[in-house]
Amino acid sequence: MGEEKNKLKMKGYIFDLDGVIVDTAKFHFVAWKKIGEEFGFSLTHELNEQLKGVSRVDSLQKILHWAGVSVSDEKFNELATRKNEDYLSYVAQMNENDILPGVKTFLQKLRSEGKKIALGSASKNARLILEKTGIISLFDAIVDGNDVTKAKPDPEVFIIAAQKIGVKNEECVVFEDSEAGVQAAKTAGMKAIGIGSADVLHQADEVFADFEQVIQKGTL
Ligand code: B16
Ligand code: MG
């Protein structure tokens with residue numbers, strides 16, 4: 001019974017990066033907050049939820065909209081570049097200790113059971129972060145912000161990830177911390193597991209606080 005209980009059911013396991021594997025969401029927040037303050041706008045944690053899983057360009061558009069300002073294309077690009085440089089200065093300090101609780105154990109469990117593992121992230125910095133935290137070799141496929149034309153909540157990133165690991169959409173489960181990402185997974189016809197708060201991720205099939213809880217449940 002114990003062993004059966006711990007067997008995983010799905011074939012493909014797709015992970016978002018920021019807020020699921022590592023807590024880079026807090027670095028994005030700090031870097032965007034600084035940009036907003038240049039326009040007298042103070043980004044709140046509540047509004048920040050709407051930036052999670054959203055591409056860099058779309059995030060900046062939202063912030064400028066909330067701040068009630070419009071800028072030239074040149075200024076827009078300069079702001080996006082500067083935010084990314086600031087963000088990367090935090091990423092530069094990252095190492096394997098930044099992997100969120102239970103994630104590595106869960107990835108190793110998936111590999112030992114012969115499951116396919118993919119990354120499905122909006123971030124253009126995803127490979128760098130997986131390298132810095134030393135877990136890039138645990139992934140069969142990586143789909144990130146450099147591979148997609150449509151941002152979450154569009155399902156493109158997860159559909160490409162499923163294709164790359166050769167698993168049907170309905171046999172994939174997606175782990176996501178963002179509303180946009182959960183919506184993308186559901187639209188792709190995949191099971192959506194929220195990592196975080198059920199208040200925010202109410203469209204998810206199930207929500208867990210972290211991967212230690214996911215491992216305890218054991219039947220995904
Ligand atoms: P970058 P995810 C997303 O990553 C973040 O949640 C989001 O806040 C960020 O704007 C986006 O990546 C783009 O990141 O500026 O590094 O390309 O959650 O989809 O892994
Ligand atoms: Mg995320």
Side-chain angles (χ1 to χ4, degrees), residues 13-36 43-64 66 76-92 94 98-100 103 117-133 135-136 139 141-161 174-185 187-188 190 192-197 200-201 203-204 207-211:
Y13 289 75
I14 305 177
F15 294 78
D16 173 50
L17 179 67
D18 294 335
V20 168
I21 291 178
V22 286
D23 188 12
T24 38
K26 65 185 176 199
F27 302 150
H28 283 295
F29 175 72
V30 171
W32 281 131
K33 195 168 165 60
K34 282 189 207 167
I35 295 291
L43 180 64
T44 61
H45 283 283
E46 204 181 0
L47 278 177
N48 188 55
E49 286 300 323
Q50 295 181 40
L51 302 183
K52 289 185 177 176
V54 175
S55 71
R56 198 180 310 161
V57 165
D58 290 355
S59 298
L60 181 52
Q61 265 161 5
K62 280 177 189 274
I63 287 168
L64 294 175
W66 292 330
F76 189 96
N77 291 335
E78 184 262 321
L79 290 168
T81 302
R82 200 143 43 76
K83 181 269 172 180
N84 193 49
E85 284 167 0
D86 190 22
Y87 173 70
L88 287 178
S89 72
Y90 302 115
V91 169
M94 291 179 81
D98 289 290
I99 302 168
L100 287 169
V103 170
I117 305 174
L119 189 85
S121 167
S123 174
K124 293 188 170 176
N125 299 302
R127 281 177 185 271
L128 171 69
I129 293 165
L130 292 180
E131 275 163 14
K132 288 204 68 76
T133 51
I135 52 172
I136 197 160
F139 288 83
I142 293 169
V143 184
D144 66 18
N146 301 295
D147 304 307
V148 296
T149 53
K150 290 172 239 146
K152 299 170 189 174
D154 190 283
E156 185 185 21
V157 65
F158 297 137
I159 291 171
I160 297 176
V174 171
F175 298 95
E176 257 292 348
D177 71 315
S178 71
E179 292 172 84
V182 165
Q183 211 181 313
T187 306
M190 298 175 182
I193 302 297
I195 300 293
S197 152
V200 178
L201 305 170
Q203 282 190 58
V207 179
F208 297 91
D210 59 30
F211 278 90

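Just follow the structure's listing: the first ligand is 1, and inside any ligand the first atom is 1.
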Does ligand 1 have any N/O pairs with the protein under 3.5 Å, and how far apart?
residue, atom, partner, partner atom, Å
ligand 1, 4 (O), D18, OD2, 2.9
ligand 1, 6 (O), G53, N, 2.7
ligand 1, 8 (O), L51, O, 3.3
ligand 1, 10 (O), V54, O, 2.7
ligand 1, 12 (O), S123, N, 3.4
ligand 1, 15 (O), R56, NE, 2.7
ligand 1, 15 (O), R56, NH2, 3.4
ligand 1, 16 (O), S123, OG, 2.7
ligand 1, 16 (O), N125, ND2, 2.7
ligand 1, 17 (O), R56, NH2, 3.1
ligand 1, 17 (O), K124, N, 2.7
ligand 1, 18 (O), D16, OD1, 2.8
ligand 1, 18 (O), D16, OD2, 3.2
ligand 1, 18 (O), D18, O, 3.4
ligand 1, 19 (O), D16, OD1, 2.9
ligand 1, 19 (O), A122, N, 2.7
ligand 1, 19 (O), K152, NZ, 2.8
ligand 1, 20 (O), D16, OD1, 2.8
ligand 1, 20 (O), L17, N, 3.2
ligand 1, 20 (O), D18, N, 3.0
ligand 1, 20 (O), S121, OG, 2.7

Residues passing the side-chain hydrogen bond (donor to acceptor under 3.5 Å, both in side chains) test with E78, sequence neighbours excluded, are K75, R82

Partners of S55 by side chain to side chain contact (heavy atoms under 4.5 Å, CB included), sequence neighbours excluded?
-> V57, D58, A151

Supply the atom-to-atom distance I129 CD1 to S121 OG, rounded to the nearest 0.5 angstrom.
-> 7.5 Å

Out of Y87, F29, Y90, which residue meets the side chain to side chain contact (heavy atoms under 4.5 Å, CB included) rule with T24?
-> Y87

Hey, which of R56, K33, K52, K83 is the one that makes side chain to side chain donor-acceptor pair (under 3.5 Å) with H28?
-> K83

Would you sort out whether I193 and V207 count as a side-chain contact (heavy atoms from CB on, under 4.5 Å), showing the intermediate values?
-> CA-CA 6 Å; I193 302 297; V207 179; over 6 Å; no

Distance filter under 2.8 Å, centred on the Mg ion (ligand 2) - protein N, O or S atoms that pass it = D16 OD2, D18 O, D177 OD1

Using the benzene-type ring in the case of Trp, are the ring centres of F211 and F15 under 6.0 Å apart?
-> yes

Among N146, D18, N84, find the one that has a side chain to side chain donor-acceptor pair (under 3.5 Å) with N125.
-> N84

Identify the residue among I21, D23, I195, V20 that makes a side chain to side chain contact (heavy atoms under 4.5 Å, CB included) with L100.
-> D23

